[in-house]
Amino acid sequence: MTKTLAYYPGCSLHGTSGEFDASFKATARALDLVLQEIPGWECCGNTAAHSINRLLSVALPVNELAKVEQDMKLDAVAVPCAACYSRFKTGAHEVEESEETAADVRAVVGRAYNGGVAVDNLIDVYHDAVGLEALDAKVIKPFAGLKVACYYGCLLTRPPKVTLADDPEYPVHMDEVCETLGCEAVDWNYKTDCCGAALALTEQGIVDDLVGRILTDAKACGAQAVVVSCPLCQVNLDGRQVEIAKKDPGWEGIPVVFLSQLVGRALGIDDKTLGLKKHLVDIMAVMA
Amino acid sequence: MATTCTPSASLSRQVTAGCDENAYKCYQCKKCTSGCPVARYADMHPAMIMRAVQLGQYDMIFDDRFIWLCTGCETCTTRCPQGIDIATIMDELKIMARAQGRIPAGTPSAAMLKLNYDSFVRWGRMWEVELITLDVLKRPTSVKNWLTLGPKMLLKGKINPTLKRGDTLAMKRMVQTAESITKAREAQNAGGQS
C-alpha cells in the first residue's frame, strides 16, 4: 500500500550530506512511500535561532508544519535530520503548550497551525510508518550478522517531554530496525552521548575528545560499524577520525554509516545511489 | 577557601521573564553536571550556573566560556529531577550575554552562531560554504582546521558549494515580525520590573 509523506530535507541534506538525502529517498521508493518535498522550504533555524531569537526558532518549523497541513493537506512529515526533527517537534510542542506563544507564532507565520501533522524522524519512518514486518518482507540482501553500534546522539530522543521517546536514556528502535536487516545491534555505553555537534566548527579539540570516547567504546563493545541518523553526528564521527588518528597512531578507523544506507543495502539498492564512497573512513568492507 | 557574594534576584527574574523557567527550583543535586559533555572544559558547569542565576552573579556566568560551549544536547533538561529546562536557561543566558555585549574572548562559538543565523536569514537556508568562508575571514587561525578536513571532504564530493535559496521573502517577513514582537515583549518586561 502506498503511503504519502511530506518531506523536509533541511540544509545539511542539500549540503554536506547529499548521500543521506539520496539514500533516504531511494529506500522510501523501495518501501512504497511517496515523498513530497515541502515547496520553498526554509531553514528550521537550527542551533542558532534558539540561542538568538526564541520566537523565530519556534515560528520557522511551525511555518513548515502549517504548509504541510494546509497547503499540501498531508498528515505526516518525514524529517531525517535529527537537528531539524528536534526543531519541528519543539515548535509543535511549544505552540500546543502555551497560548501566548501560539499567538505570537501566528503573527509571525501569518496563519494558525492546528497540530494536525505527525513529525517522523528517520527511525520512525522505518520502524513505524513502514513497520518492521513490512520492512522485513522487502529485505532481499540481508547482512550476515554485521555487528553495529546504534548511535542516537542527542536530539532523536531528548528532551522526552518533546520527543515522547519511550526510553530516552537507552532507546532501541534503531537497534530493532538494524536487526530486521540481519545485523546484530550491540549493547554499549554511548548510545545517547553528545558528539560535540556544531563545536566541530570552533572547538575541534573538544569534539575529538568526545568522538574518541564514543568510538572507542563502540569498538570495545564489539561493533564493526556505527550507525547514525544525523548528518552532523555522521560528519563528526567519521571526519574527526582523521585528527584522532594523528594524535593516536595506533587508531584503527571504524566506519560510520547512515541508517538509510544500511537499509538501502539490505533492500538491494546499488552502491552509487546510496553514496557509499563518500565517507572518509571506508565503509565498503562492512557494506559488501 | 570561603567565598562570599551579595545575592540579587534580578538575574533570576530576567531569566524567568525571558524563557518562563524558574531557577529557584534547583537544589544542587548536580545530575546536570554529571551528564554534561562539556562541563570539564570550562570553569563553570551547569549546576554552578544555576546557583549563580539564583544568586544574581552575572560576572561568574558571563566572564566564563561555559554557556558558549553548551551544545544544547538536552541531557541536563532530560535528567533534572525538578523538571527545570536547564538547556533553555543556557539559551536565555546566551541571548542576554549577546544583548549586553558580554561575550568573553576565546569563545568563537558565539560568533559562529551569529554567522549561522545571518546565513539562513539572508538566503532562507543555511549555506555551509558561506559560514566557513566568513569564519576564516574573521578568524584567520581557523584556516588550519579546514585545511585538514576540507580537501578530503571536497575530494569525496561531500561539499556542495552551490547556494540553494529558500523562500527569502517569506523568511525576511518572519524574521522582521519575530524580532519586533521580541523587542516589544522585552520592553514590556523591563517596564514591569522598574
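Computed over heavy atoms, backbone and side chain alike; hydrogens, waters and symmetry mates excluded. In what follows, every chain begins at residue 1, and chains take the letters A, B, ... in the order their sequences are listed.
Interface residue B:K164: only side-chain heavy atoms are found under 4.5 Å from chain A. Of the two parts of A:E42, the backbone and the side chain both hold a non-hydrogen atom closer than 4.5 Å to a non-hydrogen atom of chain B. Heavy atoms of A:V235 lying under 4.5 Å from chain B belong exclusively to its side chain.
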Evaluate the criterion side-chain contact (heavy atoms from CB on, under 4.5 Å) for residue pair B:C19 and A:R54; output intermediate values, then yes/no.
-> CA-CA 8 Å; B:C19 69; A:R54 185 178 308 286; 3.5 Å; yes
For B:K158 and A:H279, what are the C-alpha separation, side-chain angles and deciding distance, and is it a side-chain contact (heavy atoms from CB on, under 4.5 Å)?
-> CA-CA 8 Å; B:K158 280 284 278 182; A:H279 300 238; over 6 Å; no
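We find that A:E203 and B:R65 are joined by a salt bridge, their nearest charged nitrogen and carboxylate oxygen being less than 4.0 Å apart. Contact check on A:D104 versus B:R185 returns a salt bridge, with a Lys/Arg side-chain nitrogen under 4.0 Å from an Asp/Glu carboxylate oxygen.
Taking chain B as the reference chain and counting heavy-atom pairs below 4.5 Å, the highest number among A:S17, A:A49, A:A59, A:P168 is found for A:A49. Note: A:C194 leads A:G18, A:C194, A:C195, A:G153 in heavy-atom pairs under 4.5 Å with chain B.
A:E243 is not listed as a side-chain neighbour of B:L149, based on a closest heavy-atom distance of 4.5 Å or more. B:E74 has its side chain out of reach of A:S86: every pair of non-hydrogen atoms, C-beta onward, lies at least 4.5 Å apart. In this structure, the side chains of B:W68 and A:L199 stay at 4.5 Å or more apart for every pair of heavy atoms. For the pair B:P37 and A:D193, the minimum side-chain heavy-atom distance is 4.5 Å or more.
What you find for B:T71 and A:T47 is that their closest heavy atoms are O-CG2, 4.3 Å.
Under the ring pair (Phe, Tyr, Trp, His ring centres under 6.0 Å) criterion, the residue pairs touching residues 96-142 of chain B are B:Y117-B:F120, B:W123-B:W127, with sequence neighbours excluded.
Contact residues of residues 132-144 of chain B toward chain A are B:D135, B:R139 (heavy-atom distance under 4.5 Å). Within residues 49-58 of chain B, no residue has any heavy atom less than 4.5 Å from a heavy atom of chain A. The stretch residues 84-95 of chain B places B:D85, B:T88, B:D91, B:E92, B:K94, B:I95 near chain A, each with some heavy atom under 4.5 Å from a heavy atom of that chain.
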